Amino acid sequence: MAEQSKKWILMVTAQTPTNIAVIKYWGKRDENLILAINDSISVTLDPAHLCTTTTVAVSPSFQQDRMWLNKKEISLDGARYQNCLREIQARANDYEDEKKGIKISKNDWQNLHVHIDSYNNFPTAAGLASSAAGFACLVFSLAKLMNVQEDNGRLSAIARQGSGSACRSLFGGFVKWVMGKEEDGSDSIAVPLVDEKHWDELVIIIAVVSSRQKETSSTSGMRETVVTSALLEHRAKEVVPKRIIQMEEAIKNRDFPTFAQLTCSDSNQFHAVCMDTSPPIFYMNDTSHRVISCVEKWNRAEGTPQVAYTFDAGPNAVLIARNRKAAALMLQRLLFHFPPNSDTDLDSYVIGDKSILKDAGIQDLNDVEALPPPPEIKDKVPAQKCKGEISYFICTRPGRGPVLLPDESQALLCLETGLPK
Ligand code: DP6
């Protein structure tokens, strides 16, 4: 290693997207390695609206491993962090930068302490898969820092050990997590199905549902389902394998009706196995159910699906519209049923790609007030609107995989001190 007196800091910054499963992962066959009981498929969301940025650094001057998440220092002691770090260090390679006087040999990496600073561009409390983007970004940035030569598929098997769903965030577009057969998990990896340009008509609207309740974490929820649900085995053995084949075909052919039918059915079945768990787990709430009913009624009235819905381990709805027109019509319906609280302005109520709002012909709260009831409910207009049940909407689309941010100004750690900027 270069002279210890030279207090150099070497750092890398990366940005990684989050993802939402359209065929769900629920249940592990190995808790430590995080191996799933079925394959799953997800769509990667545009990092412009939902992503994690992580800066990782090493220096002979660092006294201990440290991590900051959203500006607060957190512990790196957890087994999942340690597993990811160890797996990356084991694959590290020699690194040399003569100009800066940095020389790190393969075996030196494990003796150097790391500083990690990670930031989500969306509220962590919103319950939107932040661990997926977080672990994917940690593994991707550490791999680049330590000169690991493996491709994103191999890196996905490491991110998987941080959080199962994280492995699917190593790619853009639509991604399959192949459960694999090997006991060591070496074949349990993510594979890209199609990139984000393949089906770029799709628009995604996330309804962040106001909730006071603390939900059961995915990790403990799925553990309880594996132990107590009789339905889960049927789902993993009989239902999902067929759906995976059909879903891959639907994505390849941009067949929206099949895609929507499979996405909604799989979300509903995932919540059915949660209900079949003892004691039952309820992730969706009344607002989630109202969103489902609104989508179902409209799809039925149109004669063919315009929007698919899917819900993870929480009440938030992820709505995938077949194109911009359907997204604008969906947003009109959502704003009709779920207008913002009087203290909320439209600009903070619909965030992300605001052009969808423009397409919907909505410029201000007066336009929201003036929205007519959707034709499919005109005989049964609800007496009361569900004001305030939704915190905000995020409009987004399918997005790209991880990228390095080479510009020093985008780093979260200071190059002189190695501490958060
Ligand atoms: C409902 O990946 O968060 O979002 O592997 O225990 O960290 P761990 O669980 P996690 O579970 C995600 C479950 C899900 C479905 C999915 O993303 O496929």
Side-chain angles (χ1 to χ4, degrees), residues 16-45 50 52 78-84 120 124 126-139 156-171 174-180 185 188-191 193 204 206 215-227 229 232 235-236 239-240 243-244 247 262-277 281-284 288 309-318 320:
T16 301
T18 185
N19 72 78
I20 176 83
V22 291
I23 300 290
K24 304 290 185 195
Y25 144 55
W26 197 253
K28 298 181 182 72
R29 60 178 208 279
D30 184 312
E31 286 268 346
N32 182 42
L33 287 170
I34 310 196
L35 301 176
I37 58 167
N38 58 253
D39 293 350
S40 55
I41 293 179
S42 61
V43 56
T44 297
L45 305 183
L50 294 138
T52 298
R80 289 174 170 210
Y81 281 116
Q82 291 302 320
N83 288 349
C84 290
N120 298 326
T124 317
L128 300 163
S130 55
S131 68
F135 274 107
C137 208
L138 177 78
V139 166
S156 78
I158 303 174
R160 189 201 74 228
Q161 298 175 54
S163 182
S165 53
C167 73
R168 299 184 310 237
S169 273
L170 263 302
F171 297 101
F174 283 89
V175 184
K176 171 156 98 164
W177 172 11
V178 183
M179 62 181 278
S188 186
I189 60 165
V191 291
L193 295 176
I204 300 167
I206 304 170
E215 282 117 27
T216 313
S217 77
S218 305
T219 307
S220 59
M222 68 176 83
R223 187 183 301 133
E224 286 161 24
T225 307
V226 167
V227 176
S229 165
L232 185 67
R235 164 174 167 75
V239 182
V240 175
R243 281 189 183 157
I244 289 280
M247 184 57 99
L262 290 167
T263 299
C264 299
S265 301
D266 203 69
S267 172
N268 290 335
Q269 188 175 70
F270 153 51
H271 290 277
V273 300
C274 290
M275 187 97 93
D276 190 46
T277 302
I281 307 168
F282 306 102
Y283 284 125
M284 293 195 285
S288 319
Y309 56 81
T310 185
F311 295 78
D312 274 352
N316 299 332
V318 178
I320 309 176

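Quick caveat, the model's predicted, so the values are computed rather than measured. Counting starts at 1 for both ligands and their atoms, in listed order.
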Ligand 1-proximal atoms of R80, by part, heavy-atom distance under 4.0 Å: side chain
Location of contacts on S218 toward ligand 1, heavy atoms closer than 4.0 Å: side chain
From the candidates C167, S165, S131, G27, the one that places a heavy atom nearest atom 2 (O) of ligand 1: S165
Nitrogen or oxygen of S40 less than 3.5 angstrom from that of ligand 1: no
Exercise: do T44 and N19 side chains pair donor with acceptor under 3.5 Å: no
Any side-chain donor near an acceptor of the partner, N316 and Y283, under 3.5 Å: no
W26 vs V273, side chain to side chain contact (heavy atoms under 4.5 Å, CB included): CA-CA, chis, key distance, verdict: CA-CA 9 Å; W26 197 253; V273 300; 3.9 Å; yes
Sub-3.5 Å N/O-N/O distance, K24 and ligand 1: no
For R168, atoms of ligand 1 separated by under 4.0 Å from a heavy atom: 16 (C), 17 (O), 18 (O)
Interfacing atoms of ligand 1 (cut-off 4.0 Å, heavy-atom, M222): 9 (O), 11 (O)
Atom indices of ligand 1 within 4.0 angstrom of W26 heavy atoms, with elements: 1 (C), 13 (C)
Pairs under 3.5 angstrom only: tabulate donor-acceptor contacts from the side chains of residues 30-38 to other protein residues two or more places apart or in another chain.
| unit_1 | atom_1 | unit_2 | atom_2 | d |
| --- | --- | --- | --- | --- |
| D30 | OD1 | N32 | N | 2.9 |
| D30 | OD1 | L33 | N | 2.8 |
| E31 | OE1 | R223 | NH2 | 3.4 |
| E31 | OE2 | R223 | NE | 3.3 |
| N38 | ND2 | K24 | O | 3.1 |

Considering all heavy atoms, the nearest S188-W177 contact: OG-NE1, 3.0 Å
Donor-acceptor under 3.5 Å (R160 side chain, G185 main chain): yes
F311 and F270 aromatic centres sub-6.0 Å: no
Which of the ligand 1 atoms, numbered from 1, are nearer than 4.0 Å to a heavy atom of F270: 1 (C)
Residue G164 vicinity, atoms of ligand 1 by number, heavy atom under 4.0 Å: 2 (O), 5 (O), 7 (O), 8 (P)
Residue pair C84 / L138: nearest heavy atoms and the distance that separates them: CB-CD2, 4.4 Å
Per-atom contacts of ligand 1 with I34, taking only distances under 4.0 Å to non-hydrogen atoms: 5 (O)
Sub-4.0 Å heavy-atom contact, K28 with ligand 1: yes
Ligand 1 contacted by W177 (non-hydrogen, < 4.0 Å): no
Check ion pair R235-D266 (N to O, under 4.0 angstrom): yes
Subset of ligand 1 atoms that lie under 4.0 Å from at least one heavy atom of A21: 16 (C), 17 (O), 18 (O)
